[in-house]
Amino acid sequence: MKKFTDVTDIGPLDLAVKEALQIKADRFAHTSLGRNRTLMMIFFNSSLRTRLSTQKAAMNLGMNVMVLDVNQGAWKLETERGVVMDGDKAEHLLEAIPVMGSYCDIIGVRSFAGLTDKADDYEERVISQFIKYSGRPVFSMEAATRHPLQSFADLITIEEFKETPRPKVVMTWAPHPKALPQAVPNSFAEWMNATDYDFVITHPEGYELDPRFTGHARIEYDQRKALEGADFVYAKNWSAYADPNYGKVLSTDRAWTVDAEKMALTNNARFMHCLPVRRNMIVTDDVIESPRSIVIPEAANREISAQVVLKRMLESL
Ligand code: AN0
Ligand code: CP
């Protein structure tokens, strides 16, 4: 595998999940595959899970790991070509990328949407340049429009916990005080649409996602109606996608918070969230702490999704 940025890069999902479960059963089965190979993780944004789980996955494969926090200690990077660099940015991505590529075998990049220029975000300028200029296999650790390692871990988690072959999975928007990217919900929709699950998306009006991601999923504006009979409730906040409100917070209405009364409408659903989560905005304490909440095993599966991707990239070197 030479790149991992969207669902199509992983091939048939049943095989990917099978490989993930094999790795989970024996995560040290390939400790020599990564010998003398170096992973470089480049973060333009903060992270807890992605940083730790991806590093752990690389260590399970015997790799060496380097981590660069671009905004802490590195030169500030210019990303636009053609600008006169007389501001605070000391280095251009076009030099920095091949230099970083020269020190490693595989590159992971986290670069969130800026949420000001939709065309810029949806062109995936930053990660595309890594793919083009690094000379290395590149995987997304959440780019502007997708978070595929998260969605893959979500899929593995649903496969582990589902009690019916074709569960009803409901992704619900929930309130958050700050503007967040659409990457997690876009990606989750893209991956769920690649399964045969009954997939429903619910959000307030104005929060419609890019139809290239939501595809044939059912959109239901009445959250309670959407939640009826759900087997999995996947909560997430995102900022508006539609013009003229791109990147804006339109509502922080806590009537959309996932609470016990909402969960009572479901088929005793499992509660999921990618984390980090704001308690009592997105979800109440009692729901996230309940035995039906699977946010911790979901996060634990990030190690597994990362290990499948790294293993396949190492095999292709
Ligand atoms: C980020 C987001 O919503 O994209 C990362 C989630 C994995 N969340 C925050 O910035 C809180
Ligand atoms: N879910 C996730 O990607 O978490 P981090 O932002 O902490 O990496």
Side-chain angles (χ1 to χ4, degrees), residues 4-6 39 41-58 65 67-72 108-116 118 121-122 124 126-127 139-158 171-191 201 203 207 209-210 213 234-241 246-250 252 256-258 271-283 288 293-310:
F4 179 68
T5 59
D6 64 67
L39 167 66
M41 297 198 285
I42 299 156
F43 288 93
F44 288 82
N45 312 92
S46 304
S47 167
L48 185 151
R49 277 145 292 275
T50 304
R51 172 184 303 252
L52 297 176
S53 62
T54 310
Q55 180 159 0
K56 178 62 164 58
V65 182
V67 183
L68 181 70
D69 290 295
V70 173
N71 298 320
Q72 285 164 29
V109 182
R110 166 163 285 201
S111 174
F112 287 179
L115 296 178
T116 49
K118 181 177 183 168
D121 289 341
Y122 276 69
E124 288 287 6
V126 174
I127 197 158
F139 64 95
S140 166
M141 300 196 297
E142 186 173 339
T145 64
R146 292 176 177 90
H147 192 1
L149 284 174
Q150 182 64 51
S151 311
F152 185 15
D154 297 335
L155 173 66
I156 297 165
T157 311
I158 294 171
M171 176 168 80
T172 179
W173 181 92
H176 188 279
K178 296 199 170 137
L180 295 184
Q182 297 100 33
V184 170
N186 282 346
S187 219
F188 188 69
E190 183 178 72
W191 285 66
I201 303 172
H203 55 70
Y207 278 101
L209 292 162
D210 183 341
F213 295 97
Y234 190 93
K236 184 72 186 89
N237 173 266
W238 60 88
S239 61
Y241 168 76
Y246 179 70
K248 294 210 168 72
V249 175
L250 307 179
T252 52
W256 279 79
T257 300
V258 178
F271 175 81
M272 300 178 72
H273 189 280
C274 65
L275 307 181
V277 71
R278 297 216 182 203
R279 283 177 173 225
N280 304 310
M281 288 294 299
I282 302 277
V283 57
I288 198 167
S293 167
I294 52 172
V295 297
I296 307 302
E298 180 184 2
N301 277 334
R302 290 293 307 276
E303 178 182 340
I304 308 305
S305 63
Q307 197 168 329
V308 173
V309 170
L310 286 172

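Values in this document were obtained by computation on a predicted structure and should not be read as measured data. Just so you know, ligand 1 is whichever comes first in the structure, and atom 1 is the first atom listed for that ligand.
Ring geometry for Tyr246 against Tyr122 counts as perpendicular: the plane angle is over 60°, on a 0 to 90° scale with 30° as the lower cut.
Scanning all protein heavy atoms for the shortest distance to atom 3 (O) of ligand 1 gives Lys236 NZ, 2.8 Å. If you check which protein heavy atom lies closest to atom 2 (C) of ligand 2, you get Arg302 NH1, 3.3 Å. Summary of contacts: the protein heavy atom closest to atom 7 (O) of ligand 2 is Leu48 N, 2.7 Å. Ranking the protein heavy atoms by distance from atom 4 (O) of ligand 2 puts Arg49 NE, 2.8 Å first. Counting only heavy atoms of the protein, atom 11 (C) of ligand 1 lies nearest to Leu180 CD2, 3.7 Å. Of all protein heavy atoms, the one closest to atom 6 (O) of ligand 2 is Arg110 NH1, 2.8 Å.
Applying the 4.0 Å criterion to heavy atoms of Leu275 picks out, from ligand 1, the atoms 7 (C). Annotation for ligand 1: atoms under 4.0 Å from non-hydrogen atoms of Pro181 are 2 (C), 3 (O), 4 (O). Against a heavy-atom cut-off of under 4.0 Å, Cys274 is close to the following atoms of ligand 2: 1 (N). Heavy-atom proximity to His147, at under 4.0 Å, picks out these atoms of ligand 2: 2 (C), 3 (O).
Not a single heavy atom of Glu142 sits less than 4.0 Å from an atom of ligand 2. Heavy atoms of Thr50 come nearer than 4.0 angstrom to ligand 1 in no pair at all. Assignment of Ala183 to the shell around ligand 1 is not supported, since no heavy atom sits closer than 4.0 Å.
For the atom pair NE2 of His176 and OG of Ser239, the computed distance is 10.5 Å after rounding to the nearest 0.5 Å. For the atom pair Tyr241 OH and Tyr207 OH, the distance stands at 16.0 Å (nearest 0.5 Å). Rounded to the nearest 0.5 Å, atoms CD (Glu142) and CZ (Arg49) are 11.0 Å apart. Rounding to the nearest 0.5 Å places CG of Asn71 at 7.5 Å from CG of Asn45. Put simply, NE2 on His147 and SG on Cys274 are 6.5 Å apart, with the number rounded to the nearest 0.5 Å.
Side-chain atoms of Glu190 and Asn186 form no donor-acceptor pair, as typed in the model, at a separation below 3.5 Å. In summary, the side chains of Thr50 and Arg110 do present a donor paired with an acceptor at a separation below 3.5 Å, with no hydrogens or angles considered.
Geometrically, ligand 2 and Pro276 share no nitrogen or oxygen pair separated by less than 3.5 Å. The shortest N or O to N or O distance between His176 and ligand 1 is not below 3.5 Å. At least one N/O-N/O distance between Glu142 and ligand 1 falls below 3.5 Å.
In this structure the side chain of Phe112 never reaches within 4.5 angstrom of the side chain of Phe44, judged on heavy atoms. A heavy-atom distance below 4.5 Å is found between the side chains of Trp173 and Asn237.
Proximity of Leu149 to ligand 2, defined as any heavy-atom pair under 4.0 Å, is not found for any part of the residue. Heavy atoms of Met141 found under 4.0 angstrom from ligand 2: none, in either backbone or side chain. Heavy atoms of Asn237 found under 4.0 angstrom from ligand 1: none, in either backbone or side chain.
Checked against Phe188 for a side chain to side chain contact (heavy atoms under 4.5 Å, CB included), the options Met171, Arg146, Lys236 give a single hit: Met171.
Salt bridge Arg51/Asp69: present, at least one basic N to carboxylate O contact under 4.0 Å.
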